[in-house]
Amino acid sequence: MPAGVPEFADVVVVGGGSCGSVLAARLSEDPHRSVVLVESGPGHRLPAELPQELRDAGVLPVGPDSRWVWPYAVELAHGRPGWIARGRILGGSGAVNGGYFVRAAVDDFDTWPASWSYEQVLPYYRAIETDSDFAGPWHGSTGPIPVRREPRSDWHPISAAFVDAARAAGHAEDPDKNAPGAHGVGPVPLNIRDGVRVGPATAYLLPHLGRPNLTVRADTTVTRIVFEGNRVTGIEVVNGERAHTIRASTVVVTAGAIATPHLLMLSGIGDAGHLSELGIPVVADLPLVGAQFTDHPEVVLSYRYRRPVDRTARTRRTPALQVTLDDDGIEMRPYTAAFGDLIPGSGIGKPCLGVVLTRPRSRGEIRLVSADPRDAPRVSYRYLEASEDRVMMREAVSHAADLLHARPLNGLIDPEPITLSNDWLRARLGTSLHLSGSCRIGVGADDSVVDERCRVHGIDGLFVVDTSIFPAVPSRGPHATAIMVAERAGCFL
Ligand SMILES: Cc1cc2nc3c(=O)[nH]c(=O)nc-3n(C[C@H](O)[C@H](O)[C@H](O)COP(=O)(O)OP(=O)(O)OC[C@H]3O[C@@H](n4cnc5c(N)ncnc54)[C@H](O)[C@@H]3O)c2cc1C
């Protein structure tokens, strides 16, 4: 495109992550619709061109030196700083994540508008997957994402011992976490094939890059959405030193649960008082932009192995998680490697069991620190602020410690002592990186940012379709639900 000439598309998709990859692929199925997908990170055209560091699903390439992430300094709890990362590459966070690909629970949809009930979304969950372990009415057999669970013969010794300890403690066996009502301990569904993540870019987008009506602009960052009155007219982008405009009658924001509210606020959509303080002209006063997000707080219980673990060739290369225990609002994750190995450069050394609140009550907030798009927003998780969360986390940690000290785990590992004081919990507090709900879906502008069709209230032509629209974080990992949402939105957009 010559300098100074605005580019035009029928639809611009902002962010080529998990949801953006699916949407760009689905929307460009209509050859009469031109689609431009703008991704801030690097792109690739073939799965084989994926950088080697991103191929091994047993490693999460999101450490401090990673070239594939947006890093954010955050506040996990009052006075407790933290550091998080989101994917910044074609495929987004889905290209760097743990490969744990599980659906939300049926009752997670109780907080969604009625048109997003479990019955309504089930066909889309089925459409995205090919499940190689289970068939029948709950599972898909023709979708682009392969789903499988690791057989016990491939489990790391810690996975096997954890399942046995949890079963001995009375937890139900849970062979199929994607079945309605599933709970207990068992293998997690994974979107990993031959040790490589099969994320949305690989499964949905790359096969269609040859479409003449689909353009991917990688290494290009959207800095502002542009409006005439209350109608969207395009976006402003920067690529290196070069800034230009892409005009479009429809803009779909899929920049993820931090960057989406950040971009909306920079563009004048958000809490009018907050925007005015920073001198940003208000286009739509939507106080819930960036407000009341949820994510899964995670406390890690460290241990050391009593002796080197006996690993066969089949159990040597494992995903980060092979099994989990899900019960009563708690998830326990026996990671198969120390975080220092899972996230190179993270410096978090020891092997550990993650203990997670899956239905947290505490709500976080994302706020601008300035009107300059280069300044990252302030992300305050406010974890464990609700007293119910603190009570529940204490009980969960206490039960997890009992499991670690029980047979057969106690023959394998020597857990570090726990104290359950507030300080002890805060010191071991982390996040599951499942941030959701920062631009929630709903009915009216006072309780949501987008309506049931993902349209931003009060603005023509502007949609949000990513994890920010979830009313709350699902009680499991959000990735499968993100792709389901994009599949469904692709049908009605
Ligand atoms: C390290 C890690 C591990 C995880 N593990 C799991 C797991 O095992 N299971 C699970 O269920 N979930 C997991 N998650 C969460 C899950 O991957 C995300 O919830 C999901 O991928 C989010 O999808 P999204 O489309 O909302 O955003 P993303 O996939 O993050 O996509 C957003 C995209 O927008 C781009 N972008 C942002 N701003 C701009 C801009 N201004 N201009 C242009 N492009 C922009 C970004 O570069 C990115 O590519 C993990 C997340 C992380 C970070």
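Both counts, for ligands and for their atoms, begin at 1 and track the order of listing. Values below: all heavy atoms of this structure, side chains included; hydrogens, waters and symmetry mates excluded. Here, residue 1 is the first one in the sequence, and each next residue gets the next number.
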Please output the side-chain donor-acceptor pairs of residues 376-383 that fall under 3.5 Å, not counting sequence neighbours, one pair per line with the distance.
from	atom 1	to	atom 2	distance (Å)
R382	NH2	E365	OE1	3.3
Y383	OH	H296	O	3.2
Y383	OH	T431	OG1	2.8

Suppose we measure from [atom] to each protein heavy atom; which comes out shortest, and what is that distance?
atom: atom 53 (C) of ligand 1; value: A85 O, 3.3 Å
atom: atom 42 (N) of ligand 1; value: V222 N, 2.9 Å
atom: atom 46 (C) of ligand 1; value: W70 NE1, 3.4 Å
atom: atom 9 (N) of ligand 1; value: Y100 O, 2.7 Å
atom: atom 30 (O) of ligand 1; value: S93 OG, 2.7 Å
atom: atom 24 (P) of ligand 1; value: T467 OG1, 3.9 Å
atom: atom 19 (O) of ligand 1; value: P478 CG, 3.4 Å
atom: atom 1 (C) of ligand 1; value: L433 CD1, 3.5 Å

request  = Could you give me the CA-CA distance, side-chain angles and deciding distance for L368 and L266, then say whether side-chain contact (heavy atoms from CB on, under 4.5 Å) is met?
outcome  = CA-CA 8 Å; L368 298 177; L266 290 171; 4.1 Å; yes

Closest non-hydrogen atom pair, [X] against [Y]:
X: S468; Y: A257; value: CB-CA, 3.8 Å
X: A218; Y: N239; value: O-ND2, 4.0 Å
X: S115; Y: Q120; value: O-CB, 3.5 Å
X: C454; Y: V465; value: CB-CG2, 3.9 Å
X: G87; Y: V96; value: CA-CG2, 4.0 Å
X: S436; Y: P474; value: OG-CD, 4.2 Å

query = Does any non-hydrogen side-chain atom of L23 lie less than 4.5 Å from one of L493?
reply = yes

query = Under the criterion salt bridge (Lys or Arg N to Asp or Glu O under 4.0 Å), which of R148, R126, R149 is the partner of D131?
reply = R149

Option with minimal heavy-atom separation from [atom], where the choices are [options]:
atom: atom 32 (C) of ligand 1; options: A482, A255, S438, S21; answer: A255
atom: atom 45 (C) of ligand 1; options: G92, S40, G256, P42; answer: S40
atom: atom 25 (O) of ligand 1; options: G15, C19, G99, A218; answer: C19
atom: atom 49 (O) of ligand 1; options: R333, H296, E39; answer: E39
atom: atom 33 (C) of ligand 1; options: A486, G17, G94; answer: G17
atom: atom 14 (N) of ligand 1; options: H479, H434, R86; answer: H434

query = Run the salt bridge (Lys or Arg N to Asp or Glu O under 4.0 Å) check on D372 and R374 step by step: do they pass?
reply = CA-CA 5 Å; D372 185 336; R374 292 168 298 187; 2.8 Å; yes

request  = Anything under 30° is parallel, anything over 60° is perpendicular, the rest tilted; go ahead and classify W70 against Y72.
outcome  = parallel

4.0 Å heavy-atom contact, [X] with ligand 1:
X: L263; value: no
X: I89; value: yes
X: F101; value: no
X: L90; value: no

query = Does the N or O separation between R88 and ligand 1 drop below 3.5 Å for any pair?
reply = no

note = Counting from 1 in the order shown, the ligand 1 atoms closer than 4.0 Å to a non-hydrogen atom of V62 are 1 (C)

Under-4.0 Å heavy-atom contact with ligand 1, by part of T254 that carries it = backbone

task = Select one of side chain, backbone, both or neither to describe which atoms of A259 lie under 4.0 Å from any atom of ligand 1, heavy atoms only.
result = side chain

Acceptor/donor pairs from residues 42-51 side chains to any protein atom, 3.5 angstrom cut, sequence neighbours excluded:
from	atom 1	to	atom 2	distance (Å)
R45	NH2	L209	O	3.4
E49	OE1	R45	N	2.8

